[in-house]
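Quick notes on the structure that follows.
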Amino acid sequence: MGYFAILAAVIAGYAMMPPWIIAACALALTMLSYAEHAHLYRRAHDAGLSDAAWSTLLRSGWNGLVAAGVGYGGGVVLRLLG
């Protein structure tokens with residue numbers, strides 16, 4: 001499912017859509033990560049590790065932002081080369 005969000009960023013870059021689509025794809029990737037690992041976040045919160053769970057979720061968001069940005073940039077490069 002995450003590949004579809006990255007593919008959407010690549011297609012958006014190829015279609016020269018506005019760059020805010022990067023944030024939308026990053027949010028989708030972060031939400032997918034949370035949906036897959038929600039039980040672990042709840043267990044960490046119950047164990048008193050809320051800070052660790054929060055920082056892990058933030059890092060997941062940054063990773064999604066990087067993945068979407070690189071995908072968007074790759075789509076732009078494909079457009080310019082084509």
Side-chain angles (χ1 to χ4, degrees):
M1 204 61 167
Y3 294 114
F4 289 124
I6 296 171
L7 181 64
V10 173
I11 292 171
Y14 186 79
M16 302 299 271
M17 292 180 72
W20 61 263
I21 200 77
I22 296 170
C25 291
L27 183 63
L29 287 169
T30 304
M31 290 176 16
L32 283 170
S33 174
Y34 182 78
E36 289 178 11
H37 305 292
H39 63 284
L40 294 175
Y41 290 120
R42 274 188 245 116
R43 284 180 59 194
H45 180 69
D46 291 342
L49 300 171
S50 296
D51 293 336
W54 179 248
S55 66
T56 303
L57 189 59
L58 285 176
R59 277 187 249 136
S60 176
W62 283 112
N63 288 338
L65 189 63
V66 169
V70 169
Y72 185 88
V76 170
V77 168
L78 286 175
R79 173 74 176 227
L80 295 176
L81 292 178

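Note: hydrogens, waters and symmetry copies are ignored here, and every other heavy atom, side chains too, is used. Positions are given from 1 along the sequence.
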What residues, two or more places apart in sequence or in another chain, satisfy side-chain contact (heavy atoms from CB on, under 4.5 Å) together with Met16?
Val76, Arg79
Considering non-hydrogen atoms only, spot the tightest contact between [X] and [Y] and give its length.
{"X": "Ile6", "Y": "Ala67", "answer": "CD1-CB, 4.2 Å"}
{"X": "Ser60", "Y": "Thr30", "answer": "O-OG1, 4.0 Å"}
{"X": "Ala68", "Y": "Ala26", "answer": "CB-N, 4.0 Å"}

Would you say Val66 ends up clustered with Phe4 if hydrophobic residues are merged whenever their side chains have heavy atoms under 4.5 Å apart, either directly or through other cluster members?
no
Do Leu78 and Leu80 sit in one hydrophobic cluster, given that two such residues count as connected whenever their side-chain heavy atoms are within less than 4.5 Å of each other, even indirectly?
no
Name every donor-acceptor pair, under 3.5 Å, that has one atom in a side chain of residues 40-58 and the other anywhere in the protein, sequence neighbours excluded.
from, atom 1, to, atom 2, distance (Å)
His45, ND1, Ser50, OG, 2.6
Ser55, OG, Asp51, O, 3.3
Ser55, OG, Ala52, O, 3.0
Ser55, OG, Arg59, NH2, 3.1
Thr56, OG1, Ala52, O, 2.7

For the CH2 atom of Trp62 and the CG atom of Leu29, what is their distance to the nearest 0.5 Å?
14.5 Å
Closer than 3.5 angstrom, by distance alone: can the side chain of Tyr72 be matched with the main-chain N or O of Trp20 as a donor-acceptor pair?
no
